[in-house]
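Notes follow once the structure below has been shown.
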Amino acid sequence: MDLNLKKDRNVRRKPSIEVSSLVYGKVPPQAKELEEAVLGAIMLEKGAFDIVVEILKGECFYVEAHQLIFSAMTRLAAKSMPVDILTVTEELRSMGSLEAIGGGYTVMKLTNAVVSSANIEAHARIILQKFIQRELIRISGEILTESYEDTADVFDLLDSAESKLFEITNNHLRKNYDSIDRVLVNTMKRIEDLRNKGDDITGVPSGFPSLDKVTYGWQSTDLIIIAARPSVGKTAFALNLARNAALHPRFPKGAAVFSLEMSSGQIVQRILSAESEIKLEKISRGKLEEYEMKKLMTHGIERLAKAPIFIDDTPALNIFELRAKCRRLVHNHGVGVIIIDYLQLMSGSGDGRGSNREQEISKISRDLKGLAKELQVPVIALSQLSRDVEKRKDGNKMPQLSDLRESGAIEQDADMVMFLYRPEYYEINTNEMGESNKGETHVRIAKHRNGQLDTIKLRAVLEFQRFEDDGSLENPGGGNPFAGMRQQHGGGAGGNDEAKLYIQKGSKMNDMDFDEGFEDAPF
């Protein structure tokens with residue numbers, strides 16, 4: 001019976017090698033002997049499995065029998081049982097896979113050629129290398145097939161290819177642990193740099209002194225959630241943050257804005273309104289007086305053209321596309337802060353079949369935190385609030401963490417959660433002193449993983465799409481905290497004339513202007 005099974009297995013395996021040879025002319029990269037040595041060493045040496053499991057997964061083995069054996073070892077380790085010849089054989093029997101791998105003799109044979117597990121880590125890494133080579137061959141084949149399709153969008157192909165390649169890196173080339181002595185060296189270097197810097201801002205400045213006093217700027221690797229009810233001014237506030245970061249006179253940082261709700265043209269109109277202090281309504285309708293047109297050119301376009309602000313208005317952006325775009329922006333353009341407007345409009349990766357919207361949002365928020373850690377930049381995501389705020393009967397409409405819409409995971413994953421609240425939004429037009437509170441905006445920091453909680457008061461001038469710090473109202477230039485410093489520091493990041501306002505319209509090749517700026521296409 002065993003002989004018949006072996007014949008059947010040979011019949012099943014042979015075509016796959018022949019097909020591979022016909023298509024590629026070569027046998028896929030593999031290291032069968034090393035696979036046997038690694039599996040044998042695991043069964044001989046206690047603790048060897050812990051070394052291998054940090055490097056390999058079952059799918060990394062080329063031989064199907066070896067995949068089944070490693071799966072049995074993984075199940076044993078999960079049950080805190082020893083991994084040896086007898087336990088592995090018994091586990092395979094309980095899995096119904098013992099005969100499929102060739103019986104108990106196959107398991108026993110794996111230990112015969114192993115002397116010790118001294119080089120097991122090196123052997124495991126070679127197996128991983130062969131697996132990655134096979135995956136690259138597979139992905140390349142898929143890319144070739146998709147590229148021949150006439151209906152394929154070229155940027156969709158690029159996003160798909162990059163996401164597949166990133167998946168290999170993310171799943172199989174994870175960072176190992178660091179010893180404290182190495183981390184201490186890097187930490188002390190950062191502390192010394194901050195000490196010599198002589199400034200309270202340690203991250204990307206918000207441009208609002210009272211807010212920076214609490215946050216010390218947006219910190220790298222942090223996920224910051226800014227939430228409010230519709231029409232409170234989330235987008236205007238976020239664009240102020242992008243403009244302030246890019247045009248900061250001392251610590252300029254490139255800003256990437258991913259707008260899933262508005263077009264890039266609408267975004268630029270809002271930024272122009274804030275910069276030139278011309279009403280958004282006038283800019284949108286083109287009803288400008290001659291002096292306003294000159295002001296728009298000199299105080300708006302001329303200055304913003306040098307700003308390292310990058311705008312992408314691709315609708316229904318998913319996390320894979322976002323990650324690919326952000327990696328290029330950070331590596332190629334030195335972007336220092338990423339802003340997403342807004343989180344609930346993002347789509348999932350497409351692999352969560354059967355999951356509900358809450359689970360999808362949870363996955364997106366986790367991935368955004370992972371993106372911030374990977375790229376070492378702050379990620380600011382806008383979020384909607386549920387209607388529970390409106391239903392409160394006690395008259396207190398200040399948002400709470402429980403009001404975050406669709407998922408509690410947003411609160412858990414975020415390093416900082418801020419709420420925007422404007423009393424006049426709820427027709428509260430005077431403060432406790434009877435004074436007008438028109439434009440008064442409360443920025444409530446409800447969660448701050450690495451700092452204090454506080455509420456900062458700003459003033460919203462939404463006709464100009466700008467927010468102003470209470471202290472900045474005394475500055476010349478209509479409340480611009482950078483007023484009087486433009487000539488000295490130039491307009492863009494460090495006065496770099498080559499920096500430009502970059503706009504990506506969706507991701508379709510036929511939407512691009514081939515006559516202007518094609519060299520800036522994001523590939």
Side-chain angles (χ1 to χ4, degrees), residues 206-215 224-244 261-262 266-267 269-285 339 341-342 344 380 382-405 416-446 453-475 477-481:
S206 70
F208 302 109
S210 57
L211 183 57
D212 286 335
K213 189 176 180 180
V214 178
T215 64
I224 300 107
I225 300 295
I226 299 175
R229 291 292 292 150
S231 301
V232 169
K234 292 190 301 297
T235 300
F237 183 68
L239 294 180
N240 275 233
L241 298 180
R243 184 175 64 93
N244 292 347
E261 186 175 31
M262 297 182 184
Q266 292 173 315
I267 293 295
Q269 287 176 5
R270 285 168 172 252
I271 298 176
L272 276 173
S273 176
E275 182 63 22
S276 63
E277 297 177 15
I278 298 174
K279 291 182 179 180
L280 176 62
E281 182 183 2
K282 284 192 169 187
I283 294 177
S284 300
R285 295 173 59 199
I339 297 173
D341 182 17
Y342 58 90
Q344 280 82 6
I380 300 174
L382 307 190
S383 176
Q384 291 281 22
L385 291 177
S386 68
R387 293 182 179 177
D388 292 343
V389 180
E390 320 291 342
K391 297 175 183 177
R392 293 201 190 106
K393 298 179 180 179
D394 58 1
N396 181 14
K397 305 297 184 181
M398 178 68 77
Q400 303 173 2
L401 289 172
S402 59
D403 297 324
L404 284 170
R405 186 175 171 184
M416 187 185 299
V417 178
M418 299 194 305
F419 296 113
L420 299 185
Y421 167 75
R422 284 195 295 119
E424 64 178 316
Y425 182 84
Y426 297 101
E427 299 182 356
I428 304 173
N429 299 316
T430 57
N431 59 22
E432 57 274 9
M433 303 295 293
E435 301 168 336
S436 173
N437 58 7
K438 180 176 175 58
E440 181 180 300
T441 302
H442 300 223
V443 181
R444 182 192 172 210
I445 302 176
L453 307 181
D454 205 344
T455 298
I456 293 92
K457 287 186 179 181
L458 303 177
R459 186 164 76 101
V461 188
L462 294 183
E463 61 181 352
F464 296 145
Q465 291 296 294
R466 62 186 298 147
F467 284 78
E468 299 170 342
D469 196 294
D470 284 343
S472 69
L473 297 180
E474 301 173 0
N475 293 343
N480 188 340

From [atom1] ([X]) to [atom2] ([Y]), nearest 0.5 Å:
| X | Y | atom1 | atom2 | answer |
| --- | --- | --- | --- | --- |
| Arg270 | Thr235 | CZ | OG1 | 5.5 Å |
| Gln384 | Glu261 | CD | CD | 7.0 Å |
| Met418 | Ser206 | CE | OG | 8.0 Å |
| Arg466 | Leu239 | CZ | CG | 13.0 Å |
| Arg459 | Asp469 | CZ | CG | 11.5 Å |
| Leu280 | Leu272 | CG | CG | 10.0 Å |

Report task. Give the C-alpha distance, both sets of side-chain angles, the deciding distance and a yes or no for salt bridge (Lys or Arg N to Asp or Glu O under 4.0 Å) between Glu424 and Arg422. Result -> CA-CA 6 Å; Glu424 64 178 316; Arg422 284 195 295 119; 3.3 Å; yes

inquiry  = My understanding is that only one of Val443, Val232, Leu401 makes a side-chain contact (heavy atoms from CB on, under 4.5 Å) with Phe419; could you say which?
reply    =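 Looking at Val443, Val232, Leu401, the match for Phe419 under the side-chain contact (heavy atoms from CB on, under 4.5 Å) is Leu401.
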
4.5 Å side-chain heavy-atom contact, [X] and [Y]:
| X | Y | answer |
| --- | --- | --- |
| Thr215 | Ile224 | no |
| Leu241 | Ile226 | yes |
| Lys234 | Asp341 | no |
| Phe237 | Thr441 | no |
| Glu440 | Lys457 | yes |
| Phe208 | Asn244 | yes |
| Phe467 | Leu462 | yes |

Check whether Asn240 reaches the backbone of Gln465 with its side chain - one donor and one acceptor, N or O, closer than 3.5 Å.
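Yes: the side chain of Asn240 pairs with the backbone of Gln465.
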
Is there a donor-acceptor contact under 3.5 Å from the side chain of Ser273 to the main chain of Ile278?
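Judged by distance alone, yes, a pair lies under 3.5 Å.
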
Which heavy atom in [X] sits nearest to a heavy atom in [Y], and how many Å separate them?
| X | Y | result |
| --- | --- | --- |
| Leu382 | Gln344 | O-OE1, 4.3 Å |
| Pro399 | Arg444 | O-NH1, 2.6 Å |
| Ala227 | Leu385 | CB-CD2, 3.7 Å |

task = Classify the angle between the aromatic ring planes of Tyr421 and His442 as parallel (below 30°), tilted (30 to 60°) or perpendicular (above 60°).
result =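 Judged by the thresholds at 30° and 60°, the geometry between Tyr421 and His442 is perpendicular.
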
